[in-house]
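Letters A, B, ... are given to chains in the order of the sequence lines, protein chains preceding strands, and every chain is numbered from 1. Predicted model only: the values in this text are computed from it and were never measured.
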Number of protein chains: 2
Amino acid sequence: MADPERSTELLWGTGARRGLSLERIVRAAVELADAEGLAAVSMRRLAERLGFTTMALYRHVPGKTELLDLMRDAVHDEHEPSGAKGAAEWRAELETWARREREAYRRHPWLVETVDVRHVPGPRAVAAFERGLEIVARTGLPPAEVVASVELLAGLAGSAARQSAVAVRAERSTGVSDQEWWNRRDSLFAHFDRYPTLSRLYEQGAYDTPLDPFEFGLQRVLDGIEARVRDESRDESKCEVCGRPVERPAAGRPRSYCSPACRQRAYRARRSG
Amino acid sequence: MADPERSTELLWGTGARRGLSLERIVRAAVELADAEGLAAVSMRRLAERLGFTTMALYRHVPGKTELLDLMRDAVHDEHEPSGAKGAAEWRAELETWARREREAYRRHPWLVETVDVRHVPGPRAVAAFERGLEIVARTGLPPAEVVASVELLAGLAGSAARQSAVAVRAERSTGVSDQEWWNRRDSLFAHFDRYPTLSRLYEQGAYDTPLDPFEFGLQRVLDGIEARVRDESRDESKCEVCGRPVERPAAGRPRSYCSPACRQRAYRARRSG
DNA sequence: TACCAGAAGTGTACGTTGTAGACATACGAA
DNA sequence: TTCGTATGTCTACAACGTACACTTCTGGTA
């Protein structure tokens with residue numbers, strides 16, 4: 001206890017201040033990306049922002065790609081776990097799940113720029129995925145379709161985010177609002193009378209109050225999944241495991257699985273599940 | 001005709017060979033991206049491939065971003081125009097339209113990496129869009145929904161392409177097949193028993209024969225649009241122009257438009273259209 | 001208390017990238 | 001023949017990710 005200054009520092013949270021750490025780096029990188037876009041996140045600028053040299057970062061992070069992995073996982077907030085609700089509420093729950101996914105992109109528009117590299121999924125991202133699976137699984141769709149449905153919605157969130165992120169990023173880089181930017185493209189629109197349907201729809205006001213692409217897509221996709229669920233529960237003509245069509249036997253009880261292999265898989269699943 | 005050599009050259013196609021041109025540059029860039037990915041397309045490498053110096057390119061192209069715009073438009077092939085088919089076939093036609101969009105991504109996986117900048121759409125891209133609008137417009141959906149539907153499908157194609165492009169690109173860069181790569185991630189999967197639904201679905205074989213994300217999504221979205229179309233044609237409670245709900249008058253003929261402004265827009269459209 | 005291994009941070013350097021700016025050449029019209 | 005314009009070349013710069021060798025700081029053991 002010879003140095004009360006040092007002790008105070010260690011005890012009162014400033015402890016983490018001096019000295020780099022993985023967490024500090026990732027947080028700073030996210031802040032930087034939020035504020036100025038992903039392009040602004042260079043190792044040099046990041047280090048400068050933290051008050052260290054560039055190479056100091058490499059003591060904590062193997063390279064920039066790994067840093068991006070960490071950033072991506074860091075911004076996934078925890079989806080609250082399902083209260084094991086009944087199967088009936090799946091649609092409403094899935095709807096809010098998807099909105100939450102979309103929300104992440106809204107808070108961190110740079111996420112859409114990081115999708116083109118192979119990621120190792122992090123714990124938070126997988127937790128969000130799990131939550132989605134859990135909701136859709138209750139519909140009774142075959143496993144492969146459960147996965148496909150959740151990925152479809154995740155893709156939709158990304159897609160919609162991409163569409164609007166373009167506007168945000170461009171506005172920042174050019175200092176011109178999206179509206180303004182398109183208004184200046186007269187020379188572009190001048191060519192558009194060659195496209196009759198496009199012109200007609202435009203004149204009918206299709207672009208006056210455009211629909212939110214995400215909300216529109218969300219309802220279409222949910223309708224599509226709902227239709228699928230109804231289909232599934234009505235007739236037994238699809239294999240419960242892989243979703244492939246099942247031939248109806250000439251007489252007797254209709255089959256549930258397309259092959260012995262699938263029946264066996266379902267059995268194992270019931271036993272372990 | 002003093003120089004037959006020169007004439008021969010001009011007449012027999014080699015004419016375009018010596019000397020750079022916008023078209024040659026764009027074509028070479030597309031070829032390079034197809035072969036080695038978008039990352040390989042640097043101004044230096046491109047120039048080298050063409051047998052010119054780097055800066056020669058800048059005599060034809062203002063900068064790299066514009067080059068990307070041109071590349072993107074160049075790979076949109078012409079969708080054959082609709083034969084003005086009946087409204088009934090819209091679903092089948094839209095399905096093949098979407099597959100065609102998807103196909104473009106399959107031929108040119110680097111397309112997915114170019115989506116995060118603001119594009120000026122080119123003639124070929126707009127033509128493809130127009131074709132999609134034309135098909136959906138026949139369903140009688142309100143204009144804004146027609147646009148949203150086509151954009152939804154285009155987004156789906158991009159989304160699915162993104163998912164599979166990751167595998168392609170990663171395989172090229174690491175020399176390891178996608179399957180192999182994931183097999184080596186034992187240390188990752190070891191953490192996955194914390195996620196019960198994910199584990200269960202996995203054991204049920206959800207990942208043994210995964211569905212094609214695009215085909216699955218396509219059917220869901222088409223189902224969703226179809227449901228919407230049925231909805232629309234059954235009751236008149238939505239404005240034909242903007243899709244907002246229309247209040248039903250106490251007596252008399254139900255209204256088609258939510259406001260005089262929309263009715264007027266529809267009138268103008270009918271007159272010009 | 002002395003020591004020393006390893007962690008943490010620094011400094012320099014290399015090979016890329018996109019592109020600005022000055023210079024050279026070649027060609028069509030006057 | 002001359003001259004403006006289009007085209008291609010050369011050099012140079014700032015920014016990028018990161019390899020490598022160096023110093024400094026710290027915490028446990030003799």
Side-chain angles (χ1 to χ4, degrees), chain A residues 1-3 5-7 9-11 14-26 28-29 32-33 36-71 110 113-114 116-118 169 173-174, chain B residues 1-3 5-7 9-10 14-26 28-29 32-33 36-71 110 113-114 116-118 173-174:
Chain A
M1 279 299 186
D3 187 349
E5 275 306 313
R6 179 95 183 84
S7 296
E9 191 185 338
L10 283 172
L11 286 167
T14 41
R17 179 104 65 75
R18 191 168 309 281
L20 229 31
S21 77
L22 213 168
E23 197 207 332
R24 279 231 302 152
I25 293 177
V26 173
L32 187 52
E36 306 186 40
L38 195 63
V41 181
S42 76
M43 298 304 266
R44 279 182 239 269
R45 285 212 49 189
L46 182 55
E48 189 182 11
R49 192 185 168 93
L50 285 159
F52 290 84
T53 50
T54 310
M55 293 315 288
L57 303 179
Y58 284 89
R59 292 288 164 193
H60 304 263
V61 174
K64 199 182 182 185
T65 51
E66 289 83 355
L67 176 58
L68 286 176
D69 279 341
L70 292 167
M71 289 171 66
W110 48 268
E113 299 175 66
T114 70
D116 49 34
V117 272
R118 174 142 57 185
R169 185 167 36 246
S173 75
T174 62
Chain B
M1 279 297 190
D3 186 351
E5 275 306 314
R6 179 96 182 84
S7 295
E9 191 187 338
L10 282 172
T14 42
R17 179 102 65 74
R18 192 167 308 281
L20 228 32
S21 78
L22 214 170
E23 197 207 333
R24 279 231 302 153
I25 293 176
V26 173
L32 187 53
E36 306 187 39
L38 195 64
V41 181
S42 77
M43 298 303 267
R44 277 182 240 272
R45 285 212 50 189
L46 183 55
E48 189 181 10
R49 192 184 169 92
L50 284 160
F52 289 84
T53 50
T54 310
M55 293 314 288
L57 303 179
Y58 284 89
R59 292 290 165 192
H60 304 263
V61 174
K64 197 182 183 182
T65 51
E66 289 83 356
L67 176 59
L68 285 176
D69 279 341
L70 292 168
M71 289 172 65
W110 48 267
E113 300 176 64
T114 69
D116 48 35
V117 273
R118 174 142 56 185
S173 76
T174 62

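- One finds a side-chain N or O of His60(A) lying less than 4.0 angstrom from the OP1 or OP2 phosphate oxygen of dG9(C).
- By the 4.5 Å heavy-atom criterion applied to side chains, Leu68(B) and Met71(B) are counted as neighbours.
- With DNA chain D read from its 5' end, the first of the two nearest nucleotides for Pro62(A) and Ala56(B) is the one closest to Ala56(B).
- Following rounding to the nearest Å, Tyr58(A) (OH) and dA7(C) (C1') show an atom-to-atom distance of 19 Å.
- Here the CZ-OG1 distance, from Arg44(B) to Thr54(B), works out to 5.5 Å after rounding to the nearest 0.5 Å.
- In this structure, the side chains of Arg49(B) and Leu32(B) come closer than 4.5 Å at one or more pairs of heavy atoms.
- Closest heavy-atom contact between Ala29(A) and Val41(A): O-CG2, 3.8 Å.
- If you take CG of Leu68(A) and P of dT18(D), they are 10 Å apart, rounded to a whole angstrom.
- If you take CG of Leu67(B) and P of dT17(C), they are 15 Å apart, rounded to a whole angstrom.
- Looking only at side-chain heavy atoms (C-beta outward), Leu57(A) and Leu50(A) come within less than 4.5 Å of each other.
- Here the C1' atom of nucleotide dT10(C) and the CZ atom of Arg59(A) are 9 Å apart, to the nearest Å.
- The stretch residues 40-50 of chain B has no heavy atom under 4.0 angstrom from DNA chain D at all.
- At least one side-chain heavy atom of Arg24(A) sits under 4.5 Å from a side-chain heavy atom of Phe52(A).
- The nucleotide whose nearest atom lies closest to any side-chain atom of Thr53(A) is, among dT19(C), dG9(C), dG8(D), dG9(C).
- Look at NZ on Lys64(B): it is 12 Å from C1' on dT19(C), rounded to the nearest Å.
- Scanning both residues, His60(B) and Ala56(B), for their nearest heavy atoms gives CD2-O, 3.5 Å.
- Atom CG of Leu20(A) and atom C1' of dT10(C) are 13 Å apart (whole Å).
- Straight-line distance from the CE atom of Met55(B) to the C1' atom of dA22(C): 11 Å, rounded to whole Å.
- Between Leu57(B) atom CG and dA6(D) atom C1' the separation is 16 Å, expressed in whole Å.
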